[in-house]
Amino acid sequence: MTTKVALIGATGYNGADLMKILLRHPHAEVVYLGSRSEDRPRICDVHPSLLGMTDMIVEPLDMEKIAKRADVCFLGVPHTAAMEFVPTLLEKGVKVIDLSADYRLKDPALYTKWYKHEHTDKANRKRAVYGLPEIFAEEIAKADLVANPGCYPTSVILAAYPLIKEGLVSSSFVADSKSGVTGAGKKLTETTHFPEANESVAAYKVGVHQHTPEMEQVLATVSQRSTKVTFVPHLIPMDRGIESSLYLPPSAGVDDDSITNAYQKYYKDEPFIRLRHGVFGRTKDVTGTNFCDLAWTVTDEFVIVSSVIDNLIKGAAGQAVENMNLMFGHARTEGLL
Ligand SMILES: NC(=O)c1ccc[n+]([C@@H]2O[C@H](COP(=O)([O-])OP(=O)(O)OC[C@H]3O[C@@H](n4cnc5c(N)ncnc54)[C@H](OP(=O)(O)O)[C@@H]3O)[C@@H](O)[C@H]2O)c1
């Protein structure tokens with residue numbers, strides 16, 4: 001059966017990649033594209049990479065229209081904006097996949113602390129399912145509200161999950177991540193415009209990045225142990241891609257085989273995880289794909305894991321479609337391979 005899809009925030013970076021995936025998806029039909037603007041542009045004029053693929057118009061925001069036409073709505077909007085739409089959409093029977101951070105954190109106090117904003121939709125926040133299919137596929141399949149994970153947390157959680165869950169490493173570790181500039185979205189800012197970002201690498205929000213509690217929450221939930229991530233993100237001068245290097249102190253007696261066996265146990269049948277033992281992958285290897293490539297080595301002091309993803313695909317639009325596939329009974333890889 002065809003899943004009818006609406007998209008709010010269609011003019012943004014995630015909007016562009018969602019369109020590219022959904023237009024090729026054999027069981028999805030895009031029926032509504034929304035923007036705050038009254039201009040009604042063609043989406044292919046907003047994102048010229050879509051020229052020749054669709055002539056759809058981006059319409060002003062209208063929840064009634066979405067409810068009439070769509071089974072599911074993707075929200076590719078900033079945090080705090082998403083929670084303005086979710087209650088109405090759910091009330092009208094439209095399932096939601098939210099790419100913002102609004103429904104990722106279970107504890108409202110954590111949301112206020114890290115996002116400097118009160119959560120205004122506490123009831124629905126409780127029912128939201130964290131949309132990381134490698135861990136929560138069963139819950140996602142039954143959900144009507146999915147909180148699509150952040151791009152950094154996707155890369156870090158996928159690398160750490162089997163090792164933390166099996167108790168092979170300390171649940172207090174360092175994640176050193178590098179992201180391309182699209183991670184910050186389309187809107188121009190002083191730190192992301194060309195002469196500031198080009199030919200330069202900078203750590204930012206060290207120890208205070210808002211994705212930290214998301215990583216800790218998920219890893220603590222799956223391991224039933226409190227988890228501490230020392231997270232150091234970097235902005236690097238490329239368009240897209242994330243590489244996260246994790247430094248995890250090993251438990252006693254852990255060796256290379258124990259780590260390899262854990263990854264095999266959890267991921268050998270996972271369609272979007274590629275285990276590349278000892279071959280440290282490049283962001284280029286996953287560009288435009290929904291894959292997460294993992295490589296690892298064990299030294300005297302650390303298990304060192306490298307995780308690479310495309311921030312806009314496995315870190316956003318691709319994972320969102322993976323979640324839609326689960327929610328609507330399509331094969332998980334549909335439209336993504
Ligand atoms: N970029 C990434 O790598 C990435 C990865 C994972 C998650 N995310 C999250 O996904 C969401 C979208 O990211 P993006 O990179 O696509 O952002 P973006 O390029 O900045 O696009 C966001 C779109 O949202 C709309 N918008 C902005 N403010 C709004 C508001 N107050 N109310 C309603 N709509 C508003 C804008 O469209 P109009 O002006 O046409 O209304 C804009 O084009 C964000 O929450 C982001 O944190 C991003």
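Not measured: the values here are computed from a predicted model. As the structure lists them, so they are numbered: ligands from 1, and atoms in each ligand from 1.
Closest protein heavy atom to atom 15 (O) of ligand 1: G185 CA, 3.3 Å. Among all non-hydrogen protein atoms, the one lying nearest atom 14 (P) of ligand 1 is N14 ND2, 3.8 Å. Nearest protein heavy-atom contact of atom 3 (O) of ligand 1 is N311 ND2, 2.9 Å.
In terms of polar-atom proximity, defined here as any N/O pair under 3.5 Å, S35 does make such a contact with ligand 1. In terms of polar-atom proximity, V77 is counted as a contact of ligand 1, with an N or O under 3.5 Å from an N or O of the ligand. At least one N or O atom of Y13, backbone or side chain, sits closer than 3.5 Å to an N or O atom of ligand 1.
Scanning R36, R240, K186, Q210 for the heavy atom closest to atom 20 (O) of ligand 1 points to K186. One option in G76, A81, A316 has a heavy atom closer to atom 31 (N) of ligand 1 than any other, and that option is A81. The heavy atom nearest to atom 46 (C) of ligand 1, out of those in L99, D98, L33, is found in L99. With atom 21 (O) of ligand 1 as the reference point, the heavy atom nearest to it among P153, G34, G150, G12 is part of G12.
Atoms CG and CE, on L33 and M56 in that order, are 4.0 Å from each other to the nearest 0.5 Å.
Looking at I8 against ligand 1, nothing comes within 4.0 Å, counting heavy atoms. Contact annotation: for H79 versus ligand 1, heavy atoms closer than 4.0 Å belong to the backbone alone.
In the hydrophobic clustering, I236 connects to V201, M238, either directly or through intervening members, whenever side-chain heavy atoms lie under 4.5 Å apart.
Qualifying side chain to side chain contact (heavy atoms under 4.5 Å, CB included) partners for A6, counting only residues two or more places apart in sequence or in other chains: Y32, I66, A70, C73.
Proximity of P78 to ligand 1 is established by a heavy-atom distance of less than 4.0 Å.
If you check the side chains of S258 and D255, you find a donor sitting under 3.5 Å from an acceptor.
Taking 4.5 Å as the limit, some side-chain heavy atom of H25 sits within range of a side-chain heavy atom of M324.
When distances from atom 28 (N) of ligand 1 to the protein are checked, a heavy atom turns up under 4.0 Å.
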